[in-house]
Amino acid sequence: MMSRTLILSFLVWQLVYISGSLTQAAGDGRWELLKRSIGISAMHMQLLKNDRVIIFDRTDFGRSNLSLPNGKCRNDPNEIVLKIDCTAHSAEYDVLANSIRPLMVQTNVWCSSGAVSPDGRLIQTGGSNDGERAVRIFSPCSGCDWVEQSLGLTAQRWYATNHILPDGRVILIGGRQQFNYEFYPKSASTNKLFDLPFLLQTTDLNIENNLYPFVHLNVDGNLFIFANNRAILLDYKKNVVVRTYPQMPGGDPRNYPSTGSSVLLPLKNLQQSSIEAEVLVCGGAPKGSFVKAQNGNFVKALSTCGRIKITDASPKWSMETMPLARVMGDMILLPNGYVLIINGASRGTAAWELGRNPVLNPVIYRPDYQSGNRFKVQNPSSIPRVYHSAAILLRDGRILVGGSNPHEFYVFTGVLYPTELSLEAFSPSYLDSDFSHLRPKIIAPDSQAKLKYGQRLVVEFLVTGAVIEKRVMVTMVAPSFGTHSFSMNQRLLVLGGGKAPSSISKSRYEVEVMMPNSGSLAPSGYYLLFVVHGDIPSEGIWIHIQ
Ligand SMILES: *[C@@H]1O[C@H](CO)[C@@H](O)[C@H](O)[C@H]1NC(C)=O
């Protein structure tokens, strides 16, 4: 007979499980509140090469909780809510100083998109109202602010996805009522729109379910574009769909407002003649969830992920089940090649007021573990991060988490999920002090090193408390533009894997790697470089490849 305590603990476990908060007393990872309020809600975030994060939400919220400096005000006759506004809707977060500086954005950046150019400037585009065709540029320099061109785009781009290209241009794909793409900057031959019927074909009746498409630059230079429940490979230069991938099993939508997320898994074995690329798509909301949520029926989110080798001759989706169902989760590539799934809710969909049951526990996915053993639930935050929240990787390996505002305006009382102006950091367990003796510290090259495609690179590092016996990898990560649960331009390359580094002197080692040999593998620009010992990454350094 089962003992009473056993039955009791089983019941308690069931209760915890059913309530949807699978909180673990002694799980992995640590949360830290960085700022109780930065004065705006972090709907969009981008880390730049000077360790500052550019953050913005919308200009049509009315007053934010952050004043513009020196009595400055924005006077915009086109603004819908507040024509003279002395508050900021964008800010620069200094990671090292943990401080915030208000920025002046002139046009409405709501639900916009972005990418970082090879010279390190944030090229940010589109939005709503007077911002729908704007191009805004932010240079990473001290005291700098937005420089805007209000009619820089050919079409309005609201809920579009941007990607940096091997030639240094940015491609802008889709957006509301836009079944096309365009480029920035423009030349005489590209100063137009290019049709993309796939975006019309993936539009569900009345509900898009294909906004903020998941775009990944494949190793062959073509673009993998996932929208709703299927994907194509686009040769954007010739405007030809070169491949159509099978529909994901189950057929449920994965894009806004059924917002799931997606990553290009770490690219490895870069010296081989044929390099493989795999894409992972996780979470979302079952078909019909949006209309049901509008009627007060908050359907359980999807708990499945689909993984597909996009370079395979006959690619197939392989399905896996997450320990927690999730809509509006962000997927972030960690320096050690794992994937963090963070933020979001377990019921409802994206869009105002339509998410329920926040998922407070992140989950880590380990791509190289055996199927069935890849997910690991992490310790929970105490702050719900539902619609309009964001997450990005920082140079020190922490994840910056902010935002969450499922309301049309800032609302702090009398609602289920108040507007969040706070910033938190999630530290995966690799940052635990228990691992200090294993943690590498890069001593060469210097941060901001300029590197060339295909060059040999010797990385020198210290490991003070242990003899190196585990595998060592060098990885490089493109800092991504995070909004609406998708990290644009995110990619991680493993430059050398499983190598035995050579010892130079006590605690001092070097490992030789080759830089990727083309812009299709890694578009020119700034990346974070890490040495990973076992699964423990060093602090990153900035490198520039061209
Ligand atoms: C933002 O400002 C409003 C109005 O002054 C105030 O009621 C609210 O508490 C502030 N919120 C935060 C998080 O600071």
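Indexing begins at 1, ligand by ligand and atom by atom, following the structure's order.
Atom 13 (C) of ligand 1 has L421 CD1, 3.7 Å as its closest protein atom, hydrogens excluded (heavy atom only). Nearest protein neighbour of atom 7 (O) of ligand 1, counting heavy atoms only, is F412 CD1, 4.7 Å. Regarding atom 5 (O) of ligand 1, its nearest protein heavy-atom neighbour is N65 ND2, 4.8 Å.
Of the protein's heavy atoms, none falls inside 4.0 Å of atom 9 (O) of ligand 1. Distance remark: protein heavy atom present below 4.0 angstrom from atom 2 (O) of ligand 1.
Comment: R74 engages E79 in a salt bridge, judged by a side-chain N to carboxylate O separation of less than 4.0 angstrom.
Cation-pi contact between R136 and W146: absent, since separation from the ring centre below 6.0 Å together with deviation from the ring axis within 45° is not met.
Here the two rings, on F61 and Y410, have centers that are under 6.0 Å apart. Between H544 and Y526, the ring center distance clears the sub-6.0 Å criterion.
Only one option out of Y159, F486, Y256 pairs with Y212 in a ring pair (Phe, Tyr, Trp, His ring centres under 6.0 Å); it is Y159.
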